[in-house]
Amino acid sequence: MYPRLRDLREDHDLTQTKLAKILGMSQTGYSKYETGENDVPTAILIKLARYYNTSIDFLLGQTDCPRRYDE
């Protein structure tokens with residue numbers, strides 16, 4: 001359901017375990033986000049967008065432009 005999450009993780013040479021540790025959660029919990037089994041909470045979306053330096057819209061597939069919006 002959220003293929004960009006997996007693609008970005010793999011592009012950054014991260015395992016689910018490593019990224020889950022960065023986010024302060026379990027690998028199983030993170031895996032459920034990538035598969036769409038669980039919706040990604042807003043707080044996690046913000047952490048991911050900051051970590052990958054992209055927008056939440058890009059993470060969720062709402063845009064193909066990975067650039068963050070000006071703050």
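We use all heavy atoms of the structure for the numbers below, so side chains are in, but hydrogens, waters and symmetry mates are not. One-based numbering along the sequence shown.
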K.L.:
Does the side chain of L45 come within less than 4.5 Å of Y2's, by heavy atoms?
P.N.:
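SC-SC contact between Y2 and L45 ruled out.
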K.L.:
Within the structure provided, determine whether L48 and L8 are in side-chain contact (heavy-atom separation under 4.5 Å).
P.N.:
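No; the side chains remain at least 4.5 Å from each other.
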K.L.:
Could you walk me through whether Y30 and I44 pass the side-chain contact (heavy atoms from CB on, under 4.5 Å) test, one step at a time?
P.N.:
CA-CA 10 Å; Y30 177 77; I44 298 296; 5.7 Å; no
K.L.:
What heavy-atom pair brings F58 and D64 nearest, and what distance separates the two atoms?
P.N.:
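Closest heavy-atom pair between F58 and D64: CE1-O, 3.7 Å.
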K.L.:
Would you mind reporting whether Y52 and R9 have side-chain heavy atoms less than 4.5 Å apart?
P.N.:
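Yes, side chains in contact.
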K.L.:
From D13 CG over to K18 NZ, what is the distance, rounded to the nearest 0.5 angstrom?
P.N.:
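The NZ atom of K18 is 12.5 Å from CG of D13, to the nearest 0.5 Å.
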K.L.:
Hey, mind stepping through Y51 and L14 against side-chain contact (heavy atoms from CB on, under 4.5 Å) and telling me if it holds?
P.N.:
CA-CA 12 Å; Y51 184 81; L14 294 169; 3.7 Å; yes
K.L.:
Any side-chain to backbone donor/acceptor pair from T54 onto P66? Under 3.5 Å, distance only.
P.N.:
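Side chain of T54 to backbone of P66: a pair is present.
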K.L.:
Closest heavy-atom contact between A49 and L59?
P.N.:
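Distance-wise, the nearest heavy atoms are N-CD1, 3.6 Å.
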K.L.:
Look up atom CE in M25 and atom NZ in K32, then write down how far apart they are to the nearest 0.5 Å.
P.N.:
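Taking CE in M25 and NZ in K32, the distance rounds to 10.0 Å.
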K.L.:
Please lay out, stage by stage, how L19 and L5 fare under the test side-chain contact (heavy atoms from CB on, under 4.5 Å).
P.N.:
CA-CA 11 Å; L19 185 55; L5 296 181; over 6 Å; no
K.L.:
Could you tell me whether D11 and R4 have a side-chain N and a carboxylate O separated by less than 4.0 Å?
P.N.:
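No, no charged N to carboxylate O under 4.0 Å.
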